[in-house]
Amino acid sequence: MSLQLFNSLTRRVEPFAPLDPSRVTMYVCGPTVYNYVHIGNARPYVVFGVLANLLRRRYGAVRYARNITDVDDKINNAAREQGVPIGVITARFAAAYREDMAALGIAPPDIEPEVTAHIPQIIEMIQQLIANGHAYEAEGHVLFAVGSFGGYGKLSRRDTDEMLAGARVEVAPYKRDPGDFVLWKPSTDDLPGWDSPWGRGRPGWHIECSAMAAAHLGETIDIHAGGVDLQFPHHENEIAQSECAHGGRIFARYWLHNGMLNFGGTKMSKSLGNIEKIHDLVRAHPPEALRYALLSAQYRQPLEWSDGLIEQSIRTLDRLYGTLRDLADVDAPAVIPPGVEAALDDDLNTPSVLAEIARIAGEARKAESNEARQQLKSDLLGAGFALGLLQQDPAAWFARGTSGDDDVRIQALIDERNAAKKSRDFTRADAIRDQLAGEGILLEDTPQGVRWKRA
Ligand code: AMP
Ligand code: ZN
């Protein structure tokens with residue numbers, strides 16, 4: 001069997017075939033960096049990271065882009081509330097986000113574009129949309145004219161009334177149609193802004209992903225992914241912008257959407273306040289157990305987050321690492337068993353992979369011959385590898401927190417401190433130094449950079 005993926009655009013499971021097998025392209029919408037990200041935000045990055053690795057195994061060359069949104073009104077508000085420049089907020093939380101991703105074993109994407117580094121491309125795309133008759137300028141704003149694109153609504157399949165209700169559209173006198181959305185808006189002197197043909201201003205949210213995907217991956221990409229909460233309006237608007245700027249050429253061939261992570265029965269979200277920050281969770285629990293928990297449901301299904309789920313994941317990993325410890329006397333390379341590849345081919349059926357891991361471990365505990373133990377250890381390590389699990393030394397897992405993971409976390413904190421110092425946020429820099437000192441980690445400034453050692 002080959003890789004089958006549920007494509008939200010067609011509402012069908014389809015065999016995946018890249019446009020150019022020597023260059024598979026994937027774009028995933030990244031976070032807005034104004035606060036610590038929560039464990040729900042990690043769900044797309046974990047599952048689509050598993051997909052990126054699978055594509056790399058199958059095709060070799062993959063270009064995976066996951067952006068960082070560093071221009072947004074929420075960032076402006078956070079900077080105002082905390083009395084610091086906007087760059088301090090974005091540098092601090094982009095570094096914290098990278099640290100959280102590393103802690104959860106999420107490899108960095110090939111490209112991590114930031115909006116502030118793509119303003120010329122954004123302006124150019126907006127100019128193209130105006131030239132093609134799909135956008136218009138009004139009172140310092142540039143708006144996308146949704147009525148100009150016949151395909152509007154093809155992803156979310158909503159009618160106009162539903163779209164208006166879903167987008168909670170801002171009624172503004174300068175809009176020709178209430179559904180028209182902002183591509184560019186004016187900035188007052190106290191807000192971040194760039195010179196443009198429409199005056200000093202900043203981009204709207206949706207245009208950034210269209211412009212950055214085109215800049216790094218091309219006009220038509222293979223896979224576009226993100227949470228199902230982004231399907232409308234964000235992804236619908238991305239399609240409208242990209243296809244209208246590119247003469248109608250299809251923007252993304254496969255649209256993948258993860259289901260929501262719920263907490264207390266409702267979507268975990270910053271605006272509702274029912275969040276658990278990764279930053280706190282990874283300090284309270286073994287990060288690998290959090291990763292295991294995120295993979296315990298198929299990505300399109302909702303997943304209810306709870307302490308019980310974390311506890312259960314820890315117990316399962318205790319058992320699996322116990323098995324690996326008992327197999328320490330046999331040498332075996334990690335080889336992904338065909339059954340695991342087949343489960344992933346089935347629209348990334350990670351619970352089925354986890355069931356396969358449990359089965360292999362059960363057999364390994366009963367196996368007596370050296371050959372069988374070697375084979376099963378190979379399978380177990382390989383199956384774990386496919387999901388980014390079971391790659392630690394069992395001793396490190398059982399020691400909790402003294403593993404190599406901790407070195408990654410410490411280095412990420414040091415990187416965050418360097419970024420804070422660079423943006424003159426000395427309060428944050430000192431807080432990180434004090435936090436590390438509290439853990440018995442001493443920092444030393446050397447000409448080669450910051451070194452650390454355990455006291
Ligand atoms: P945001 O910063 O809210 O734009 O979210 C960044 C990414 O996390 C997007 O792909 C969202 O769809 C995803 N996301 C946000 N909240 C959740 C949640 N509760 N469960 C799963 N994914 C989420
Ligand atoms: Zn996006």
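Here the structure is a predicted model, which means the values were calculated and not measured. All ligand and atom numbering here is 1-based and tracks the order in the structure.
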*Report yes if K267 has an N/O atom closer than 3.5 Å to an N/O atom of ligand 1; otherwise report no.*
no
*Evaluate the ring planes of W205 and H234, with Trp represented by its six-membered ring, and classify them as parallel (under 30°), tilted (30 to 60°) or perpendicular (over 60°).*
parallel
*What class does the angle between the rings of Y152 and F149 fall in, given that below 30° is parallel, 30 to 60° is tilted and above 60° is perpendicular?*
perpendicular
*Among the heavy atoms of Y45, does any lie under 4.0 Å from an atom of ligand 1?*
yes
*Should H257 be listed as contacting ligand 1, given a heavy-atom distance under 4.0 Å as the test?*
no
*Could you say whether the N/O atoms of L261 and ligand 1 ever approach to under 3.5 Å?*
yes
*Consider every N or O of W205 and every N or O of ligand 1, then say whether any pair is closer than 3.5 Å.*
no
*Taking the six-membered ring of F6, is the NZ or CZ of R300 close enough (under 6.0 Å from the centre) and on axis enough (within 45°)?*
yes
_Protein heavy-atom partner closest to atom 10 (O) of ligand 1 - residue, atom, separation in Å_ = G227 N, 3.2 Å
*Cation-pi between R43 and Y299: NZ/CZ under 6.0 Å from ring centre and within 45° of the ring axis?*
no
*Closer than 2.8 Å to the Zn ion (ligand 2), do we get an N, O or S atom from H234, backbone or side chain?*
yes
*asked:* Less than 6.0 angstrom from the centroid, inside 45 degrees of the normal: does R66 satisfy that with respect to the ring of Y27?
replied: no
_Can you tell whether the side chains of K185 and E139 come within less than 4.0 Å, N to carboxylate O?_
no
*asked:* Minimum distance, heavy atoms only, to atom 23 (C) of ligand 1: which one of G40, A42, G30 is it?
replied: G40
*Indicate whether the side chain of E238 and that of S210 have a donor and an acceptor atom separated by less than 3.5 Å.*
no
*Which value, rounded to 10°, describes the SG(C209)-the Zn ion (ligand 2)-OE2(E238) angle?*
100°
